[in-house]
Amino acid sequence: MASLTRMPFGAIAAFALIAVTLVASQLSMPGFLGLSITCFVITTLAPFVHSLRRGFNAGEALYPFVVYYAVAMGVRGIALLVPEDSPYLAAIQDPRSATFQGLMGWMFFLSAIGLAALLLGYESAAGVWAGERLGRWLGRKVWRPARTSTVAAAFLAVGFVGATLHARSFGGFRAAATQDLVFVATEGSLGNFWKLVLMEFAVVGFHVLLLGELMRGGRKMRWGRVVPVGALVTSLYLVTSSKFLLLRILLPPMLFFHLLRRRISLAHLAVFFAVFGALFPIFYAHRLLGFGDWGAILSQVRDVPHDSWFDAIPLLGRAYDADSFVRVLHDTGRTAPFRFGGSFLDIFTFFIPRALWPAKPPSYGLEFADQYFGDVNLGGLSFVSPSLPGELYLNFHVAGILAGMFAFGVLLRAAWRAAMTGGAPGALLYGYFYLFAIHLVEGSIASQVEMLLMSVAPAWLALRALGAGGPRRAGVRELTAAAMAGRARGPAG
């Protein structure tokens, strides 16, 4: 009893709500569903309420992760109950049936306790401890300003060699940008991943150039150098139709400013993501029609049906993770076996070229589509995301959700602490991690890790080339990354 009285009231209330919800699962499906939704709402609001006391920091990936998690699992889940017809759940979606209500209840409840585990990991001492040590190590690395332009130019050259190979010739860029890119992004991408890796060097080269400008202290930014290069790198989107590539180009610079110059607000990020989300119909039209006929693109955007939430709000139509998790709960252990870590195996083989291993298994996102959505017409080879809690569940049941989300919470805090103290190297690496953290809401975990490594590997090579970790030589102008970051911020910090 004495230990119970020392527990925070919030913890006691949380345990009580969980207990009542679990009891309701055995008594009333509508009651269980209502309580599960309540658990989810409370859990998603918790980090924002907590931050009202200590203040928000737009650089923390926790907040956009929670927002996207709330949209993909919560708002999408409510839409399924309205009901908005889901092409992924046509065989089982009946909001009036106790079976479907039970599935939705467990989806909301497990998503809620998974997010609660993530928040516990984020507030634990483990993430702070690891992040401070990593940040100090990164902050001691040497960044030689004289090398910035050379390294950036070399990486840009490598990146556009990759783009040329992707387009097959110097004259093939227009053809690559004007054709139907749906095939290029699906079946046509098999065996071409290494070209995308080469293109990532151009992204890193642009970011290195920008960081070099940001660390010039009180001197004005030389926008005449940065903006043309940024526009050139952004053009890579036209031959890939990858929205995530576009995000990797445009969002990290905002974080660099935040970490090295002056803080940005959550409003800045909200506007950025709102504008980006509003452009989704154009992105989809470009992927379908290419870049050759703006009239056809605008007609495609104008004629998009708005008969449902999923059509009217493109981001909600894309974020079908609640559907995937419901299907995982329905099928796993019945028609689909538990994987026990099998969905993570791609991490150990993705870097092997398909030319050397023609029979290399496809990524788990493709396998998941066949295994769980075999009754859905996906229009050919399609990558379907299992959702983060869904993938953790299909591997290790509820224990996988609790352990995996807690570990990810620790990683989120460690990355943020390292970014705050790691100077330019910390900012460069964190810019890519930030996007990885948000996108991980969708799964698949292995594919998301591979995308992160695709950015981090060339970034690390760039840091090595810039002198990070190299021996110091007398007479060479050099500063540690932390010192340069401090000089860029100025006395006000």
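We number each residue from 1, following the sequence as shown.
Side-chain polar atoms of R339 and T332 form no donor-acceptor pair below 3.5 angstrom.
Pairs of residues two or more places apart, or lying in two chains, never qualify as salt bridge (charged side-chain N to carboxylate O under 4.0 Å, His left out) while including a residue from residues 386-411. Within the structure, side chain to side chain donor-acceptor pair (under 3.5 Å) pairs that include any residue of residues 126-138 comprise E132-R417 (at least two apart or interchain). Legend: salt bridge (charged side-chain N to carboxylate O under 4.0 Å, His left out) pairs involving residues 269-279, not counting sequence neighbours: none detected.
Remark: F206 pairs with no residue by the ring-ring contact (aromatic ring centres under 6.0 Å, His included) rule, at least two apart or across chains. Partners of A126 according to the side-chain contact (heavy atoms from CB on, under 4.5 Å) rule, which considers only residues two or more places apart in sequence or in another chain, are S124, V410.
Contact annotation: the side chain of Q448 never approaches that of I445 to less than 4.5 Å [non-hydrogen atoms, C-beta and beyond]. At a threshold of 4.5 Å between non-hydrogen side-chain atoms, the residues H258 and H268 do not count as touching.
Figure legend: R327 and Y372 shown without cation-pi pairing, the cationic atom not lying both under 6.0 angstrom from the six-membered ring centre and within 45 degrees of its axis.
In this structure, OH on Y434 lies 15.0 Å from CG on L452, to the nearest 0.5 angstrom.
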Candidate pair F65 and Y69, rule ring pair (Phe, Tyr, Trp, His ring centres under 6.0 Å), full reasoning: CA-CA 6 Å; F65 172 88; Y69 191 86; 5.7 Å; yes
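With respect to the salt-bridge test (charged N to carboxylate O, under 4.0 angstrom), the residues D321 and R76 do not qualify.
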Show me, pair by pair, the donor-acceptor contacts under 3.5 angstrom made by side chains of residues 396-404, not counting sequence neighbours?
unit_1	atom_1	unit_2	atom_2	d
H397	NE2	Y393	OH	3.3

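Under the 6.0 Å cut-off for aromatic ring centres, F273 and Y68 do not qualify, their centroids lying 6.0 Å or more apart.
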